[in-house]
Amino acid sequence: MTPMDLSRSWMIPLLRDYVQDTELGFFISFFLPLASQLRSKSAMLTAAGEPSEAKSCDILQRQIWSILPGFCTRPTDLVESLRGIAKILGQALDERPDLQLDVMAALRALVLKNMENDVNRTEVAKYAKNYLPRLLQIYTTEATSDGSNQRLAALETVKIYLKITPQETIDELFEKVVEKLNGDESSQFLLQACVDVAAVLLPYVPIAKLDGVLAFCRTAWVSPDATLQKKGYRCFGELLLSDQEALQAYAAGHMDTFKTDFTQAYSETKPPAKAARLRCLSAMVKRSGLTDKSFLKVVFPEIVMCTKEISENARQSAFELVKEVGNILLSDSSRPEEENVAEYFELMLSGLAGTPDGVAASIVALSHAVYEFRDKLRKPMVDMLMDNMNVLLASNTRDIVTAIFGFFKVIFSRMADFELGPHVARLVKSVSGMEENFRRHFRVKIRDLFTVLIRKFGYTMIVELVPESDHKLINNIRKTQEREKRQKKEKRNDKKSIAGDGGGDGGEEDVDRKSRAGAASIGGRSRAETINDILDELASSDEDGGTVDDKRREKKKKGNVYITEEDDEEIVDFTDPKASQKISSTMPSKSKRKQLDVRVAPDGRIIIDAGGHDRDDDAASLSSRMSGVSLNDKKKGKNRSEDTDGDDDGSFGYQAGGSGIHRPLKSSRKEKPAKKVATGAEYRAKKAGGDVKLKGRPDPYAYIPLDLKSSNKRKKAKLVGQFKGFVKGAKKGAMKGSKDSKSRKRNFQT
């Protein structure tokens, strides 16, 4: 077999990204035969035992197919060329799973990029009856782990193709889907897939055919299968959220039936289906409005309970519904506003008499209601809310107490000082009177609450209200706040000084920032965008602290990544296993550090050369200064060698002679020169034992040379014993010197 020429294969990705508005016939005449040849050659190479080249051919033919969506983007010869490739695309959907994603992308491009061209749109719509069944077959077939992308792409392609599909084809497909939904032989997976398909087809189905699929949705609401429940609510939501007039009229005509079935299915709802159910409920609440307040009161407890759901989507939908119900009730112009507010908050306050979970959820809903409708609250309502919270603070349920602390944080951030001032004394008393185990568990929340109170009402007022046992906590909070203020003031001064040195732009930016902060502030505090921002801000920021937007910008700055390059001309090779060592979260310094010359002397001393001197000259001068100095001479008094040569460097040497350890070495063995190190020999007394002090010089001390072996853990015991010997010898010498001194004094006196 001849080797392949892959020198121009790099052009295929470029064609995939940039080819459009061209002739589809060129792909059919040139690229399709080339892809077919490469596939055949891959099979031949696999049979011949050459897997590497076979893989290369297979990759190339798949890359050629990836060019097809570009040729389907506004082709100039669509009407003439589509019939030549339509059958091949259908066969690829049926038989080639490796090409399904590219073929579906090409079909989406044919529909979306030719919507404005009536001739092309009509030509593509002719093949809907050929492609839609194949696409639905892909989606309704249970795929392996590798085929999940194909299923999602197939459903998305169906959604797009339905925009131009003839009504006869849609009706035929919908009848088949309803038949499978009501069939007894359908598997659970097939039922779930058919519900998704029905939800996609629902906006295009005639009103007369909706009853069958909606009947199945009602059955799915009470199914023990959580996934089927969720898909049933999603399908029903397509009907409620549709913007088509026919579907809106159908939903309005059957709304009473929907409400009855919907409320009855609440007890059977599984947690995974609650987010989809709440979206349907939101659409029903908006459609009902003030015309059916009884329905609002029936479903409101469900909305409140969902504020404590684990699913974030369910909680978010519940919070939006709490706000939506409030907007509906407060929009009643036939009554005074205070009555509307009282009716709205009484709906949530009624939950305080329920189960512990219901009480905690009601408090969370109240927190969000206070955040959203703070301007509507009057003093009697604020007093009632605070009185209820102070009573519930003595509860033995931790979830309730946690929700109450969140409520206090929200209301103290949104209400004015004079509105909450009368309740501070009772609040402090309630918090200080909590049981010891609760105070220990909520110590962080208690500290945060006292921090908010001190910011709002001052240290003097709060310290007088708390018992003496909490004075230490209050004082600590005050000191912490003062320290944070000092630090922030210093930072501002530093920024101002830097801005002053850098020009006038920084001052204008600072003024603009302050103006924006002042425009968005309420009561001297920066207004957060959501209630979650309020809670986070109160827990960690100070009165003069930055806004939530500033903190978000700081988090974004912390996410920077830098690459350290040793040489400007050499880039980092990311294929190198050690490339991860070049990645840093901080900006690498561009200035090169001064290289220090670190050496180890023969006696163990570390010599550091900071640059600017000749290494050889330093070594020579050091050697000349240290020559002749030794620590091995232990003779004292008259046995000690004296400086006889008259040199100023204080050098001395030892000459072997005598017997024993002083015997001369054998002539056959080379004499090793004694180690000559600096030990302060100039301090050695010439006519007595020990060292003497010299005028204008440091006091004499004995130094132990550094040795790399000292870091060896295995020789630790030996080194410890050696130093113990040094200390013992020093003590022995000092004691002996003391005795000799006393003896000399006695002899002198006598």
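Since we're looking at a predicted model, the values are computed, not measured.
- Remark: Arg315 engages no residue in a side-chain hydrogen bond (donor to acceptor under 3.5 Å, both in side chains) (not counting sequence neighbours).
- At most 12 non-hydrogen atoms from other residues, nucleotides or ligands lie less than 6.0 angstrom from CD of Glu179.
- For the side chain to side chain donor-acceptor pair (under 3.5 Å) criterion with Lys274, the lone passing option out of Glu309, Glu302, Gln229 is Glu309.
- The minimum heavy-atom distance linking Phe450 with Val431 is given by the pair CZ-CG1, 4.1 Å.
- With contacts defined as side-chain heavy-atom distances shorter than 4.5 Å, the pair Asp196/Gln192 does not qualify.
- Judged as a ring-ring contact (aromatic ring centres under 6.0 Å, His included), and not counting sequence neighbours, the contacts of Tyr233 are Trp221, Phe262.
- Residues Val401 and Met434 meet the side-chain proximity criterion, which asks for heavy atoms closer than 4.5 Å.
- Between Phe373 and Phe345, the gap from one ring centroid to the other reaches at least 6.0 Å.
- Listed by chain and number, the residues in a side-chain hydrogen bond (donor to acceptor under 3.5 Å, both in side chains) with Asp292 are Lys259, Ser294 (sequence neighbours excluded).
- In this structure a side-chain-to-backbone donor-acceptor pair under 3.5 Å is missing from Arg108 to Glu156.
- Side chain of Thr307 to backbone of Val304: a donor-acceptor contact under 3.5 angstrom is found.
- Checking each of Arg374, Met386, Glu419, Met389 against Ile411 for a side-chain contact (heavy atoms from CB on, under 4.5 Å) leaves exactly one that passes, namely Met386.
- Looking at Glu337, its side chain never comes within 3.5 Å of a backbone N or O of Lys376 through a donor-acceptor pair.
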